[in-house]
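In what follows, chains are A, B, ... by sequence order, proteins preceding strands, each numbered from 1. Only heavy atoms go into these numbers, but all of them, side chains included; no hydrogens, no water, no symmetry mates.
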There are 2 protein chains.
Amino acid sequence: MADPVALVRDASLTERAVLGIRDQVLRGKLRAGERLTELGLVDLLGVSRTPVRAALQKLAEEGLLEPTQSNGYLVRNFSEAEIFDAIEVRGTLEGLAARIAAERGVPQPILEQLRHCLAGIDAVLAGARPGDGHLVRYSELNSRFHALLLEASGSTMVARALARVVSLPFAAPDAFVSAQAKIPESLQILKTAQLQHHEILGALEARSSARVEPLVREHARIARKNLELALRNSDALEQVVGAPLIRRRGRS
Amino acid sequence: MADPVALVRDASLTERAVLGIRDQVLRGKLRAGERLTELGLVDLLGVSRTPVRAALQKLAEEGLLEPTQSNGYLVRNFSEAEIFDAIEVRGTLEGLAARIAAERGVPQPILEQLRHCLAGIDAVLAGARPGDGHLVRYSELNSRFHALLLEASGSTMVARALARVVSLPFAAPDAFVSAQAKIPESLQILKTAQLQHHEILGALEARSSARVEPLVREHARIARKNLELALRNSDALEQVVGAPLIRRRGRS
DNA sequence: CACCTCTGCGTTGTATACATCTTTGCCCAT
DNA sequence: ATGGGCAAAGATGTATACAACGCAGAGGTG
């Protein structure tokens, strides 16, 4: 497979460094707990220390790296419990976004897009056959639905907080969708999630803030369930981006 | 008044740059909307571009500065609505922390510290006289209570999300406490807040997750009320750290 | 007069030299 | 054998030179 980072042509060296380091970390090439030195990354990436330093600072903010007491960086790892909590934080913030959206009213164009998005997912699920690309299309539309939900709130502050959580590899709405390819009950899970999407949209249309918030929170917990399934199925876990960062119970 | 930043002796130049820029932004010396150039800050702070660049990156992450399309930075400003939302986000995340704490159980030592903290606030409020330093002591203990609440959850992920929100100048639990010096009904507000503190602690002790979450959320809304009061009282507003960053309705 | 271009200046991007701090591992003393 | 200290290697912190980019203003042209 070609190195995806080298393909980024029109990017600053700092961006290249960010993408390169993030990529190697998520692939487990740079292993959890490993110390990252600027000079080592200079050799690895072929750029000088200046962009490497900027990239390290950014990735530490993002949460992938952990600053040490002596001004170095370690590749961070995540316990199951931390991933669970991250998903719960996402659900809570998405719930807040939905509540605000319901209270303040969602602009018609965004409601339209939400409806259109769900119609798209309905179509994908109706035609889904094992092995075809329906997971990819589901994942895209699912991400879009969640993005629209945030947009519906119109709140830059909620967006800011949510962006930070979702930057973690396991907290995004579609983090475990790719793992579904290896999970037998996959289609049923996706259909359940889509039912929840419809309920959420219905509550938004009815401007029922009291109903939409717990619906959205519960919806996020599907990701927790998917995490549990993936952790018990190594084929599925391999599909999850960033799986090498998960610190398993009792191991190492 | 002496420049507080120059007093920081044992700090790297990067830290000095962060503190210096943040200080000048919050004081309104660098005005909202103003473009910050690296060379300008080099002159202002007396350090070279390298630490200035690092500081700009950090402060942009923090939310005080806004990256422009052409790789520059602007001093950010905040609408009333944004500050309201930021406080709501804080309340929501603190509510999540409290719910998790109630569900998982709070360690006895932390419960002890919470009780001790509230006893301290009770004492401060009982002896409060206008003009004495009770606001400073209240503010410290109040911050400590909120920090303990977060610690009680034991969740690094909630802590991470909350840290990000609270880094904004107006979202911290004690952001508007200093303004109270100029607000007549101040003592009554603080007493109400302390009543809520007691209710929250009671709910935690009873491990009532369903009760503690809305209590904490509502508690945060006192800050929203304080913001409203401060915005209508320019003497009070002057006391608020970062007041120059508030974009008033209809102005400028 | 409007518009386009080209030039010059101001700003950020990058590499690198040098300073300083941290760590490591060896050697010596006990 | 163990502990402490010191020296050397390696790491990050900082300054700065140079490159590249972008914007504004002057001047030319339709």
#### Entry: Modelled atom types, side-chain donor and acceptor of A/Q239 and A/S178, under 3.5 Å
no
### Query
Where does the chain B footprint on DNA chain C start and end, counting 5' to 3' with a 4.0 Å heavy-atom cut-off?
C/dT11 to C/dT14
### Query
Donor-acceptor pair, B/R248 side chain versus B/L231 backbone, under 3.5 Å?
yes
### Message
When you measure from the side chain of B/S167 to the backbone of B/E62, do you find a donor-acceptor pair of N or O atoms at a distance under 3.5 Å?
### Response
yes
### DNA chain C-proximal residues of residues 48-59 of chain B, any heavy atom under 4.0 Å
B/R49, B/R53
### Task
Please list residues of residues 64-74 of chain A whose heavy atoms come under 4.0 Å from any atom in DNA chain C, ordered by number; otherwise none.
A/S70
Please name the pair of heavy atoms, one in [X] and one in [Y], separated by the smallest distance, quoted to 0.1 Å.
X      : Y      : value
B/R224 : B/F84  : NH2-CD2, 3.1 Å
B/R90  : B/L162 : O-CD1, 4.0 Å
A/V75  : A/R31  : CB-O, 3.4 Å
B/H146 : B/H219 : NE2-NE2, 3.3 Å

### Summary
Taken in chain and number order and not counting sequence neighbours, the residues that satisfy ring pair (Phe, Tyr, Trp, His ring centres under 6.0 Å) with A/F145 are A/H197
### Message
Going by the rule ring pair (Phe, Tyr, Trp, His ring centres under 6.0 Å), which residues pair with A/F170 if we only count those two or more places apart in sequence or in a different chain?
### Response
A/F78
Atom pairs and distances, donor-acceptor, side-chain atoms in residues 49-56 of chain B, under 3.5 Å, two or more places apart:
unit_1	atom_1	unit_2	atom_2	d
B/R49	NE	B/E38	OE1	2.8
B/R49	NH2	B/E38	OE1	2.8
B/R53	NH1	B/E38	OE2	2.8

### Message
Using whole Å, what does the distance between atom P of nucleotide D/dG10 and atom CG of A/L39 come to?
### Response
10 Å
